[in-house]
Amino acid sequence: MTGGRAQASGRFDLIVLGAGPAGSAAAMSAVQAGLRVALVDKARFPRNKLCGGGLTGRAISRYRQTFGGTLPPVPLERRDMFTFHAYGQPLGDSRDAPPLHLGMRYELDAALVEQALAAGAVDFTGQSGRLDPDGPALDLPGGRIEAPLMIAADGVNSPTARTLFGAAFDRARIGFALEVEHPGADPDRPLRIDFGAADWGYGWQFPKPRGTTVGLGGVMSRNANMKAALARYLDQLGLPDTLPVKGQFLPFGDFRAVPGKGRILLAGDAAGLVDPITGEGIAHALDSGALAVRAACRALEDAAPDKALAAYTNDLRPIHRGLRHARLLRNLMFRETLRPAFIRSFRSSRTLRGEYLRMMAGETDYGPLMQKMAARLPGFAWRAVSGT
């Protein structure tokens with residue numbers, strides 16, 4: 001990392017807790033806005049992270065807006081052909097689609113942290129301490145750091161959210177994912193998405209420059225034996241089931257309507273900003289980190305840090321709206337009585353598949369996708385999806 005890790009106590013304009021994509025984007029945005037920012041993470045980078053590692057067009061756009069440059073400076077595999085399956089049935093291929101760039105998360109996260117630190121964020125990575133939510137402040141081994149505002153981007157298991165709300169997430173709604181890495185580049189292996197590989201979830205096969213990431217995730221309460229589901233999925237893909245398995249909770253669209261409390265704002269996975277259909281998390285992380293800083297800057301300029309949370313909540317409305325739409329569509333895709341209508345529609349309509357990929361690329365949102373789906377569904381199915 002650039003420079004040495006800070007040890008001294010001090011006062012900052014902003015503390016960013018967590019240095020994944022949301023935290024790094026927040027730190028970078030804050031430095032660009034002229035704030036003195038402390039970037040804190042218990043890990044030293046690079047560090048491993050369960051994630052398919054797919055950078056959608058939406059994520060690339062957010063990266064460019066915050067960090068500049070064309071693509072993150074890490075090895076990436078570019079794919080513009082997708083193979084879709086659902087419940088063991090092929091749904092067709094999409095060729096010349098908006099591209100997905102695939103890379104290793106430990107390399108991506110390290111690159112983002114490096115850029116934020118090189119820009120001027122003060123490095124407190126590799127350190128953890130006690131949170132004082134009233135400060136807000138952190139008591140670290142080298143001393144106490146405090147600021148008028150804090151952005152907590154400390155993941156789905158967010159210790160900050162536990163301190164603020166008593167729990168990091170709702171166990172009845174949380175998702176869970178398992179993932180393996182098959183070593184060695186395999187350019188002939190397709191990029192594949194399998195709806196229903198886990199109950200109320202999906203599987204992914206993402207070829208990358210150094211190997212292939214394979215995983216599945218679903219609503220935890222509906223998957224009593226996800227390891228068995230992963231073993232079946234690996235067998236289906238012709239991969240060994242002896243590879244080391246990583247597991248992690250997945251917010252799966254169960255976001256916090258008010259993403260924080262007091263003068264602490266939650267961003268990324270800590271705020272529950274993961275799409276339950278596409279698995280999109282990196283774009284929302286980058287976006288929410290930058291949006292949190294925008295709200296913080298306005299509040300600090302007005303000498304009213306207590307107003308930052310309300311402004312940030314308002315700025316997140318488009319993301320929250322998209323996640324609500326995704327939860328509606330999830331009813332169609334995964335509810336057993338409605339499943340045949342989804343399979344039939346997605347298989348027979350290139351337009352529908354194309355709209356899904358355009359939505360992943362950030363060229364559109366869920367509105368047009370839902371309109372096209374509604375036009376292909378029987379009335380009873382759409383009423384069930386929309387709750388009317």
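No experiment lies behind these values; they were computed from the predicted model shown. Throughout, residue positions are numbered sequentially from 1 according to the sequence presented.
- Considering all non-hydrogen atoms of both residues, Leu39 and Gly23 come closest at CD1-O, 4.0 Å.
- Using a 4.0 Å cut-off between charged side-chain N and carboxylate O, Asp302 and Lys307 make no salt bridge.
- Pairs passing the side-chain hydrogen bond (donor to acceptor under 3.5 Å, both in side chains) check and including a residue from residues 199-216, sequence neighbours excluded, read Glu107-Arg210, Glu179-Trp204, Glu181-Thr213, Arg189-Gln205, Lys208-Thr213.
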> Can you list the steps and then say if Val293 with Val37 is a side-chain contact (heavy atoms from CB on, under 4.5 Å)?
Replying inline: CA-CA 11 Å; Val293 169; Val37 56; over 6 Å; no
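- Counted within 6.0 Å of NZ on Lys49, heavy atoms from surrounding residues, nucleotides or ligands total more than 12; the atom is thus considered enclosed.
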> Given Leu230 and Val180, is the side-chain contact (heavy atoms from CB on, under 4.5 Å) satisfied, shown in steps?
Replying inline: CA-CA 9 Å; Leu230 178 62; Val180 301; 4.2 Å; yes
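- Using a 4.5 Å cut-off on side-chain heavy atoms (C-beta onward), Pro136 and Leu149 make no contact.
- A side-chain donor-acceptor contact under 3.5 Å links Arg162 to the backbone of Asn157.
- Asp275 contributes a side-chain N or O that, together with a main-chain N or O of Thr278, makes up a donor-acceptor pair within less than 3.5 Å.
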>> Set out, in order, the CA-CA distance, both residues' side-chain angles and the distance that settles side-chain contact (heavy atoms from CB on, under 4.5 Å) for Leu108 and Leu55, then state yes or no.
In response: CA-CA 10 Å; Leu108 173 66; Leu55 291 172; 4.0 Å; yes
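- Side-chain atoms of Asp235 and Asp241, non-hydrogen and from C-beta on, never get closer than 4.5 Å to each other.
- Under a hydrophobic-cluster definition in which Ile, Leu, Val, Met, Phe, Trp and Tyr are linked whenever side-chain heavy atoms come within less than 4.5 Å, directly or via other members, Val40 and Leu164 are assigned to the same cluster.
- Shown here for Gly155 and Asp269, the closest heavy-atom pair between the two residues is C-CB, 3.9 Å.
- The local environment of NZ in Lys246 is crowded, with over 12 non-hydrogen atoms from other residues, nucleotides or ligands closer than 6.0 Å.
- Using a 4.5 Å heavy-atom threshold, the side chains of Pro240 and Leu234 count as separate.
- Heavy atoms only, all atoms of each residue included: Leu102 and Pro209 are closest at O-CD, 3.6 Å.
- Residues Phe124 and Leu17 share a single hydrophobic cluster, defined by chaining ILVMFWY side chains whose heavy atoms lie under 4.5 Å apart.
- When atom types are taken as modelled, the side chain of Ser158 and the backbone of Asp154 share no donor-acceptor pair closer than 3.5 angstrom.
- Note on Asp315 versus Arg298: salt bridge recorded, some NZ/NE/NH1/NH2 to OD/OE distance being below 4.0 Å.
- No donor-acceptor pair under 3.5 Å is formed between the side chain of Gln115 and the backbone N or O of Gly68.
- Looking at Asp194, its side chain never comes within 3.5 Å of a backbone N or O of Ala197 through a donor-acceptor pair.
- In terms of hydrophobic clustering, with Ile, Leu, Val, Met, Phe, Trp and Tyr side chains grouped at heavy-atom distances under 4.5 Å, Phe206 and Leu76 are assigned to different clusters.
- Annotation: side chain of Leu265 is not in contact with side chain of Pro259 (no heavy-atom distance under 4.5 Å).
- Heavy-atom minimum distance, Gly54 versus Ile282: O-CD1, 4.0 Å.
- To the nearest 0.5 Å, the span separating CG on Leu309 from CD1 on Ile264 amounts to 10.0 Å.
- At a threshold of 4.0 Å, the pair Asp132-Arg130 does not count as salt-bridged, since none of the basic side-chain nitrogens sits closer than that to a carboxylate oxygen.
- Distance check, rounded to the nearest 0.5 Å: CG of Leu291 to CZ of Arg317 gives 13.5 Å.
- In terms of modelled atom types and a separation under 3.5 Å, the side chain of Ser24 and the main chain of Ala19 share a donor-acceptor contact.
- Residue pairs meeting the ring-ring contact (aromatic ring centres under 6.0 Å, His included) criterion with at least one partner in residues 150-171, sequence neighbours excluded, are Phe169-Phe249.
- Phe67 and Leu14 are members of different hydrophobic clusters when ILVMFWY side chains are connected at heavy-atom separations under 4.5 Å.
- Using a 4.0 Å cut-off between a side-chain N of Lys or Arg and a carboxylate O of Asp or Glu, Asp365 and Arg321 do not qualify as a salt bridge.
- A salt bridge does not link Asp13 to Arg36: none of the charged side-chain nitrogens sits closer than 4.0 Å to a carboxylate oxygen.
- Leu250 and Ile174 are not part of a single hydrophobic cluster, where members link through side-chain heavy atoms under 4.5 Å apart.
- The side-chain heavy atoms of Asp93 and Met81, taken from C-beta on, include a pair separated by under 4.5 Å.
- Residue Arg173 qualifies as open at atom CZ: its count of foreign heavy atoms under 6.0 Å is 12 or below.
- Under the 4.0 Å criterion applied to side-chain N and carboxylate O atoms, Glu336 and Arg339 are not assigned as salt-bridge partners.
- A pairwise comparison of heavy atoms in Ala25 and Leu286 identifies CB-O, 3.6 Å as the closest pair.
- Ala97 approaches Leu357 most closely through the heavy-atom pair CB-CD1, 3.5 Å.
- No side-chain donor-acceptor contact under 3.5 Å links Arg192 to the backbone of His85.
- For the atom pair Arg79 CZ and Glu77 CD, the distance stands at 4.5 Å (nearest 0.5 Å).
- A donor-acceptor pair under 3.5 Å is formed between the side chain of Arg353 and the backbone N or O of Leu91.
- Residue pairs meeting the ring-ring contact (aromatic ring centres under 6.0 Å, His included) criterion with at least one member in residues 294-330, sequence neighbours excluded, are Phe255-His320.
- Arg263 places a side-chain N or O within donor-acceptor distance of the main-chain N or O of Gly135, the cut-off being under 3.5 Å.
- Checking side-chain atoms of Arg256 against main-chain N and O of Gly272 turns up no donor-acceptor pair under 3.5 Å.
- Here CZ of Arg44 is found 6.5 Å from OG1 of Thr125. Values are rounded to the nearest 0.5 Å.
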> Yes or no on side-chain contact (heavy atoms from CB on, under 4.5 Å) for Asp186 and Asp188, after CA distance, side-chain angles and deciding distance?
Replying inline: CA-CA 6 Å; Asp186 190 353; Asp188 295 327; 4.2 Å; yes
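- Leu338 contributes atom CG, which lies 14.0 Å from atom CZ of Arg330 (distance to the nearest 0.5 angstrom).
- For the atom pair His284 NE2 and Thr56 OG1, the distance stands at 8.5 Å (nearest 0.5 Å).
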